[in-house]
Asks: 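Quick one: structure below, then a few questions.
Numbers here are sequence positions counted from 1. Only a predicted model underlies this, so the values are computations on that prediction, with no experimental measurement involved. Every number for a ligand or one of its atoms is a count from 1 in the order of the listing.
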Amino acid sequence: MEVVLPVTWPVRWLRICRGCSIKTKLNLLTTAAAATALLLSSVAFYINGVRTIRTSKVQQLSTLATVVGSNTTAALEFDDPETAGELLASLAQHPSVEFACLFDTQGKPFATYPASPPADFVLPDPPPLGKARFTESGKLDIRKEIVHGGQTVGYIYVQSGMHNLKRQMAAHLRISVVVLIVTLGISVLLAGRLWQIFLAPIFRLIGLMQRVTSEDDYSVRVEDVRGDEMGVLQSGFNTMLDRIERARTDLQQAHDVLEDRVAQRTAELEVAKEAAEAANQAKSEFLANVSHEIRTPMTAILGFADLLSQQDESEGIDREQCVETIRRNGNHLLSIINDILDLSKIEAGKITVERVPCAVWREINQIAASMQPQAAAKGLAMGVDAVGLVPDSICTDVTRLRQILINLIGNAVKFTSTGSVRVVVRMLDSADASVPHLGFEVIDTGMGIPAEHLDTIFEPFSQADASLTRRFGGTGLGLAISRRFAQMLGGDITCESTVRGGSRFLLSVETGSLKGIQMVDRARSTGRHQSVEPATPKTEMSAPAADTPTAPIRLSSRVLLAEDGPDNQRLIAFLLLKAGAEVTVAENGRIAVDATLQASDAGKPFDVILMDMQMPVLDGYGAVAELRRHGLTTPIIALTAHAMQGDRQKCLDAGCDDYCAKPVDRQTLLEIVARHAVGEIA
Ligand code: ADP
């Protein structure tokens with residue numbers, strides 16, 4: 001049950017004062033306390049004063065009665081009322097005395113003052129003997145015994161008015177009130193001043209606190225700390241600010257550290273993300289390249305095999321050349337597949353190396369000899385040299401060593417168009433003499449590698465320049481595999497290169513113990529150099545004169561075939577020619593664009609263009625864009641080994657009208673060409 005307390009005036013007063021300042025409250029409180037105390041003391045003073053006045057009045061009256069009574073002894077004894085009356089008349093000197101009466105021992109009035117009282121005067125009942133009495137009518141009277149010689153000779157009764165007494169009491173009251181007001185005023189003033197002195201430090205504290213909260217400045221402190229309880233409050237305030245400031249500093253530091261960590265972590269994650277994206281990108285590029293590299297030879301293999309299997313179709317072509325093309329492309333395919341398998345085995349940790357004696361000089365010469373025809377085909381000089389004494393044989397994994405050297409020399413030949421490719425063999429200065437290393441330097445005068453790619457070319461799936469790789473082929477796996485193999489053979493591969501200044505790859509391998517091994521001075525070069533005629537430029541092909549076989553699709557259109565691979569050029573051109581088309585071959589996008597524009601200008605535009613999308617100099621995308629920019633509307637069919645998801649759309653978006661993936665299916669190819677060019681489907 002809720003108890004409802006009565007709302008008394010102090011409660012009401014407190015409610016009103018709730019919104020006032022402390023100073024006002026304290027002033028009010030001290031004023032109220034002082035006023036109460038002063039009021040009480042004034043009342044006490046007044047009461048005491050009144051009592052004193054009354055007592056002295058009683059005493060005065062009693063003394064007067066005694067003196068007058070004793071003066072009248074003789075008159076009473078001699079029964080002389082006249083003298084007694086005269087003696088009583090002396091009371092006139094006391095204006096407050098209004099009436100007096102002498103009684104004889106029997107209680108009969110003997111004499112009175114005034115001598116003849118008013119007619120209506122009624123003698124009051126006298127008070128008890130010796131006692132003064134304040135009557136209801138506001139008078140003071142007293143009755144006293146008159147004694148002489150131990151005998152009661154009579155009684156005297158004196159009655160006094162109270163006018164004088166009331167005046168005195170009123171004056172006393174005025175003094176009390178004045179004293180009350182003056183002391184109250186002084187105490188209020190003093191209290192106000194005292195509170196001011198007492199509250200000043202509190203107001204300073206409040207000011208500091210407001211500064212802390214509004215300006216967020218925790219460096220402020222109370223300066224003049226006092227020695228009293230207020231000082232305890234001030235030093236407590238200072239200590240609290242110290243702690244808050246320290247906590248804030250710690251918090252800020254922790255916050256900064258945390259922010260640094262977050263930034264660092266974010267940067268790490270960013271790097272990791274970029275690395276993951278780069279790896280992903282590299283893998284996508286790798287997949288696209290592998291797909292392209294596999295599909296390109298597959299086109300030649302399947303196409304020529306198809307031709308050879310159809311007696312009628314193969315008429316007019318060199319069958320031996322077809323078989324050779326199939327074999328060459330098959331070997332190329334095999335090497336790509338081997339690379340991929342090697343890398344997967346390395347990744348899975350499945351590759352082991354065996355160390356057997358290897359006649360290293362003979363090996364390197366055999367490898368150089370096997371690569372020599374390729375070098376010769378490009379007009380490059382190739383040589384093998386030895387510097388100083390080299391061991392006759394070393395203990396290593398011959399297969400892996402051969403694989404590495406083939407890759408390095410193969411790359412040197414691939415990326416060099418003029419000049420030479422040299423292999424230099426020499427013993428390396430090894431930090432640990434008990435573990436000798438043999439070095440193979442493959443030095444070419446080729447295109448070189450930009451400095452920023454010198455590290456990345458050793459990473460799987462990475463190529464120095466994807467566009468160049470398109471020109472030269474390759475999957476970007478060779479160097480990654482070679483370096484891993486070199487490391488397994490106790491060595492490494494490093495590269496120094498300058499763009500257009502050639503490259504120098506250094507392969508080092510552990511030789512195993514050379515105890516009992518003969519060291520030979522082979523300071524001589526194989527010095528073989530062979531130059532060949534440059535590759536034949538684009539050719540205009542004409543349909544074989546022999547009777548055209550009955551093909552399901554007959555074409556009578558002029559077709560431009562833009563294709564860089566010689567095998568695919570031959571195959572596709574042959575298929576088109578057989579179908580009755582007139583075929584012009586361009587080995588890159590630039591030639592294709594020029595040939596197309598020339599033909600249009602000459603009034604003999606091509607009916608359809610078959611465009612390989614990945615070609616050196618200018619790729620298919622660039623060529624299509626340029627042709628479309630010239631306003632050419634000739635149907636362009638993308639012919640590409642890029643057959644991953646999205647590649648078709650990419651070609652169509654680039655401006656092609658259709659898309660034919662490699663390896664090319666003869667029927668499909670002819671159908672697509674017929675769909676876009678002048679021709680008919682049988
Ligand atoms: P691939 O040759 O199959 O692309 P590699 O791993 O053998 O793969 O080579 C990686 C890349 O290194 C090449 O694509 C090429 O950009 C660069 N490279 C390797 N050897 C040479 C060289 N001798 N001269 C110029 N660039 C080279």
Side-chain angles (χ1 to χ4, degrees), residues 278-279 281-297 329 331-344 346-347 367-368 371 374-375 378 380-383 400-424 440-487 492-507 564-565 614 616 641:
Q281 171 73 11
K283 281 198 176 165
S284 305
E285 273 172 22
F286 163 75
L287 264 183
N289 279 339
V290 165
S291 162
H292 182 267
E293 291 305 306
I294 291 175
R295 281 169 182 277
T296 303
N329 281 286
N331 282 332
H332 182 52
L333 204 54
L334 187 65
S335 74
I336 292 169
I337 290 167
N338 280 340
D339 270 0
I340 296 167
L341 289 178
D342 277 346
L343 190 80
S344 326
I346 291 172
E347 298 280 326
I367 293 166
M371 310 292 285
Q374 287 173 39
K378 296 179 81 175
L380 302 175
M382 179 175 274
R400 303 298 170 213
L401 178 64
R402 199 181 293 142
Q403 214 170 324
I404 301 170
L405 286 168
I406 287 174
N407 182 251
L408 293 182
I409 300 171
N411 276 349
V413 173
K414 185 160 71 172
F415 294 108
T416 306
S417 45
T418 54
S420 64
V421 173
R422 271 193 330 127
V423 182
V424 178
F440 301 86
E441 284 174 76
V442 180
I443 305 162
D444 66 54
T445 55
M447 59 198 294
I449 303 165
E452 65 270 20
H453 292 308
L454 281 179
D455 284 334
T456 50
I457 53 171
F458 290 103
E459 285 169 17
F461 317 125
S462 293
Q463 295 176 321
D465 182 342
S467 69
L468 284 178
T469 307
R470 281 188 214 126
R471 190 173 353 143
F472 294 105
T475 54
L477 290 176
L479 284 180
I481 295 169
S482 296
R483 177 173 261 185
R484 302 287 267 274
F485 282 163
Q487 287 164 348
D492 203 355
I493 301 179
T494 54
C495 174
E496 291 165 10
S497 185
T498 46
V499 176
R500 284 189 292 279
S503 309
R504 174 179 167 273
F505 282 84
L506 172 62
L507 161 70
D564 61 325
Q614 190 168 319

Asks: When you compare ligand 1 with G478, is there at least one nitrogen or oxygen pair between them that comes in under 3.5 angstrom?
Replies: yes
Asks: Just how far is it from atom CG of D339 to atom CG of L477, taken to the nearest 0.5 Å?
Replies: 5.5 Å
Asks: Is the contact between L477 and ligand 1 made by the side chain, the backbone, both, or neither, using heavy atoms and a 4.0 Å cut-off?
Replies: backbone
Asks: Verify whether one side chain among Q487 and R484 offers a donor that lies under 3.5 Å from an acceptor in the other.
Replies: no
Asks: Which one of T456, V442, T445, I457 has a non-hydrogen atom at the shortest distance from atom 17 (C) of ligand 1?
Replies: I457
Asks: By number and element, which atoms of ligand 1 are closer than 4.0 Å to a non-hydrogen atom of K414?
Replies: 1 (P), 2 (O), 3 (O)
Asks: Please confirm whether F505 approaches ligand 1 to less than 4.0 Å, judged on its heavy atoms.
Replies: yes
Asks: Is a donor on one side and an acceptor on the other found under 3.5 Å between the side chain of R422 and the backbone of I443?
Replies: no
Asks: At a 4.0 Å threshold, what atoms of ligand 1 neighbour a non-hydrogen atom of I449?
Replies: 18 (N), 25 (C), 26 (N), 27 (C)
Asks: Kindly compute the distance separating CD1 (I404) from CG (N407), expressed to the nearest 0.5 Å.
Replies: 9.0 Å
Asks: Mind checking whether G446 has a heavy atom under 4.0 Å from ligand 1?
Replies: no
Asks: Which of the numbered atoms in ligand 1 are below 4.0 angstrom from a heavy atom of A412?
Replies: 23 (N)
Asks: Show the nearest heavy-atom pair for residues G448 and S497, with the distance to one decimal.
Replies: CA-OG, 3.3 Å
Asks: I want to know if ligand 1 touches L479 in the polar sense, i.e. an N/O pair below 3.5 angstrom.
Replies: yes
Asks: Using a 3.5 Å distance criterion without hydrogens, assess whether the side chain of S417 forms a donor-acceptor pair with backbone atoms of G446.
Replies: no
Asks: Decide yes or no on side chain to side chain contact (heavy atoms under 4.5 Å, CB included) for D342 and F485, but give the supporting numbers first.
Replies: CA-CA 10 Å; D342 277 346; F485 282 163; 4.1 Å; yes
